[in-house]
Amino acid sequence: MHPLKILIILLSMLSLTAHGAALSESDRLMRENSLLRSEVQLAKSTQIYVILDLQKSRVLIKGKGVVLQDLPLKSFTTWGAPVQPKALTLQRKTALIEPGREEIRPKKSEEEPGSELQALQLEDMPARFRLNFDEGIRVYVKPASAGLLSFILNLMSSLKSYLVTRPLGTLWNGLHRQNYTEIVLYLSETDAKSLYWSFLQTFHCLIASP
Amino acid sequence: MDDQKKRLLKISGLVLTIVLLIEGMGYFLGWRASRIAETARTELKPDLLNPLKSENSLLKKRIESLRPWGLYIVVDTANNLLYLKEGNKTLLKTTISAGSGSILKDPSGQRKWIFETPRGELTVKSKFVKPTWIKPDWAFIEEGKAIPKNITEREEEGVLGDYALGIGNGYFIHGTLYTRLLGKNITHGCIRVGDQDLKTLYQAVPLGTKVLIF
């Protein structure tokens with residue numbers, strides 16, 4: 001058989017099996033229990049936190065137990081080791097083109113304050129970015145395909161994921177005795193930008209696996 | 001020429017085999033990780049499920065109990081919106097201006113300011129009518145003026161609108177002269193609100209009101 005055919009069969013078989021089977025009732029309850037216990041701790045703090053609820057296909061931005069923003073997922077995929085039901089810390093937020101902060105130049109003449117401010121707006125935020133959490137968890141956020149360019153970019157990104165990041169990331173983390181989990185979230189472009197804006201480094205996140 | 005082709009084919013085959021092996025190992029490890037997690041799953045006895053269900057519903061109630069009591073303010077800095085809420089009810093929704101995220105450096109090079117609205121849970125700590133702005137150092141640096149030594153030279157009337165709510169660390173919810181800029185991220189970290197909504201807010205919220213900013 002041609003090596004390429006073997007690769008395709010191997011990839012499709014393994015990508016199907018690596019998602020794990022459905023949880024039993026007791027497992028589901030125990031996971032829910034751990035997540036709720038973690039959320040109680042987060043809600044007691046003064047920090048904003050994020051819940052990535054893959055069971056209900058939503059991203060919730062919360063503070064003190066209040067849902068501040070509810071971002072519906074268009075779709076998502078997961079790969080690798082299951083995520084532990086505990087609070088994770090965002091270690092790094094990266095994008096191909098990251099929004100840069102404008103530096104204010106002290107004024108020379110009498111101008112209206114604010115008129116010259118080059119401020120960061122929501123539109124300046126990237127809709128494609130990566131969130132690196134502890135425990136080897138990587139979350140890729142992408143806008144759901146709308147138009148040819150977006151479709152091509154998402155296709156290329158999926159190819160990169162299947163051929164490079166999933167196998168090599170798993171192998172690399174495996175060599176370092178670490179798990180590797182990849183979650184790809186598809187949101188509307190505005191919601192993806194909103195998530196980039198709202199999700200600050202040091203924020204905690206809970207992931208409710210499907 | 002034929003030898004060269006054969007050699008090229010051999011090298012390509014070798015490279016492809018190595019790539020296949022590496023990819024296969026990666027996929028195998030991923031598959032194994034999910035299998036290990038699957039076999040590690042525990043089954044609880046049916047009589048232990050109900051206590052767990054009860055505990056979970058208690059935990060949900062515990063989270064509910066941590067919500068702010070009475071009125072609270074929610075500020076969405078991405079969309080420049082402010083909500084006055086009570087429970088799940090929205091009593092007021094208004095357009096604001098939040099922090100610009102811009103940077104200002106002291107020409108001496110010793111200080112730097114990032115003009116962001118702080119995120120998290122804050123509290124209304126003070127309330128003022130006809131507030132006077134005590135201009136901080138950055139305001140003079142931004143205007144290209146010398147920093148005064150006398151505090152009275154820092155006072156500026158009228159720029160904060162009719163009311164101001166202090167939320168700690170020098171940040172305020174206040175009015176603005178530049179209402180056309182509401183909806184844009186242009187402030188130095190404070191939250192600017194239009195006159196009428198600011199009055200409603202000032203009259204409605206007592207000291208100690210929680211402000212959730214995200």
Side-chain angles (χ1 to χ4, degrees), chain A residues 3 6-7 10-11 14 17-21 23-27 29-30 32-33 36-37 39-40 43-44 46-48 61 63-66 68-69 79-82 101-104 106-108 112-114 117-122 163 166-171 174 179-180 194 197-198 200, chain B residues 13 16-17 20 22-31 33-35 37-38 41-44 48-49 52-53 55-56 59-60 62-68 72 74 76-79 100-105 107 114-115 119-122 141-144 178 181 184-186 210 212-214:
Chain A
I6 299 171
L7 176 69
L10 196 74
L11 292 187
L14 290 172
T17 52
H19 294 298
L23 292 173
S24 69
E25 174 73 352
S26 53
D27 262 313
L29 285 171
M30 282 193 291
E32 186 183 33
N33 187 271
L36 288 168
R37 280 171 184 275
E39 190 179 350
V40 168
K44 276 183 186 170
T46 56
Q47 267 205 348
I48 303 297
I61 295 165
K64 303 303 283 182
V66 179
L68 303 171
Q69 201 171 25
W79 157 261
R101 292 183 187 281
E102 292 288 336
E103 195 174 329
I104 299 171
K107 225 188 310 183
K108 283 173 185 160
E112 182 186 271
L117 279 176
Q118 296 297 309
L120 284 174
Q121 306 290 336
L122 184 61
L163 295 174
R166 284 184 185 189
L168 297 189
T170 309
L171 195 60
N179 279 331
Y180 180 82
S194 249
W197 179 289
S198 303
L200 298 186
Chain B
L16 193 63
T17 311
L20 269 175
I22 292 171
E23 299 248 309
M25 275 170 71
Y27 271 100
F28 173 73
L29 285 176
W31 169 77
S34 71
R35 287 294 299 167
E38 218 172 282
R41 282 173 188 167
T42 46
E43 282 297 327
L44 288 178
L48 289 174
L49 287 180
L52 196 57
K53 278 182 191 168
E55 196 188 328
N56 286 0
L59 284 166
K60 282 177 191 167
R62 176 89 182 99
I63 294 167
E64 278 289 305
S65 73
L66 291 167
R67 292 171 69 112
Y72 62 98
V74 173
D76 175 353
T77 59
N79 295 297
S100 67
S102 304
I103 298 172
L104 179 69
K105 286 180 185 162
I114 299 174
F115 296 127
R119 320 268 185 103
E121 182 205 16
L122 288 94
I141 292 169
E142 191 179 353
E143 288 171 4
Y178 312 103
L181 294 174
K184 292 188 188 298
N185 294 85
I186 44 101
K210 296 294 174 198
L212 297 173
I213 306 177
F214 70 102

Quick check for you: to the nearest 0.5 Å, what is the distance between Met25(B) atom CE and Thr170(A) atom OG1? 11.5 Å
Between Trp79(A) and Gly30(B), what is the shortest heavy-atom contact and its length? CZ2-CA, 3.7 Å
Any idea which heavy atoms bring Leu168(A) and Ile22(B) closest together, and the distance? CD2-CG2, 3.3 Å
Flag, side chain of Asn56(B) to backbone of Leu29(A), donor-acceptor distance under 3.5 Å: yes
Using a cut-off of under 4.5 Å on heavy-atom pairs, state which of Thr17(B), Leu59(B), Asp76(B) scores highest against chain A. Leu59(B)
What is the distance from atom CG of Leu68(A) to atom CD1 of Ile213(B), rounded to the nearest 0.5 Å? 10.5 Å
Nearest atoms (heavy-atom pairs only) where Asn79(B) meets Leu122(A): OD1-CD2, 3.3 Å
Atom NZ of Lys184(B) with >12 non-hydrogen neighbours under 6.0 angstrom: no
Show your reasoning for whether side chain to side chain contact (heavy atoms under 4.5 Å, CB included) applies to Lys44(A) and Arg62(B). CA-CA 10 Å; Lys44(A) 276 183 186 170; Arg62(B) 176 89 182 99; 3.2 Å; yes
Atom pair CG/CD1 of Leu212(B) and Ile61(A) - distance to nearest 0.5 Å: 13.0 Å
Donor-acceptor contact present, side-chain Arg101(A) to main-chain Gly101(B), <3.5 Å: yes
Between CD1 on residue Ile186(B) and CD on residue Gln121(A), distance to nearest 0.5 Å: 9.0 Å
I want to check something: taking the side chain as every heavy atom from C-beta on, are Leu49(B) and Ser26(A) in contact at a cut-off of under 4.5 Å? yes
Any idea which heavy atoms bring Leu29(B) and Gly174(A) closest together, and the distance? CD1-CA, 4.5 Å
Distance in Å, Ile104(A) CD1 paired with Glu142(B) CD, rounded so as to fall on 0.5 Å steps: 4.5 Å
So which atom in Tyr27(B) and which in Arg166(A) form the shortest heavy-atom distance, rounded to 0.1 Å? OH-CB, 4.2 Å
Heavy-atom closest contact (Leu120(A) atom, Asn185(B) atom, distance): O-CB, 3.4 Å
Where on Ser65(B) is there a heavy atom nearer than 4.5 Å to chain A: the side chain, the backbone, both, or neither? neither
Working to the nearest 0.5 angstrom, can you tell me the gap between Arg37(A) CZ and Ile63(B) CD1? 11.0 Å
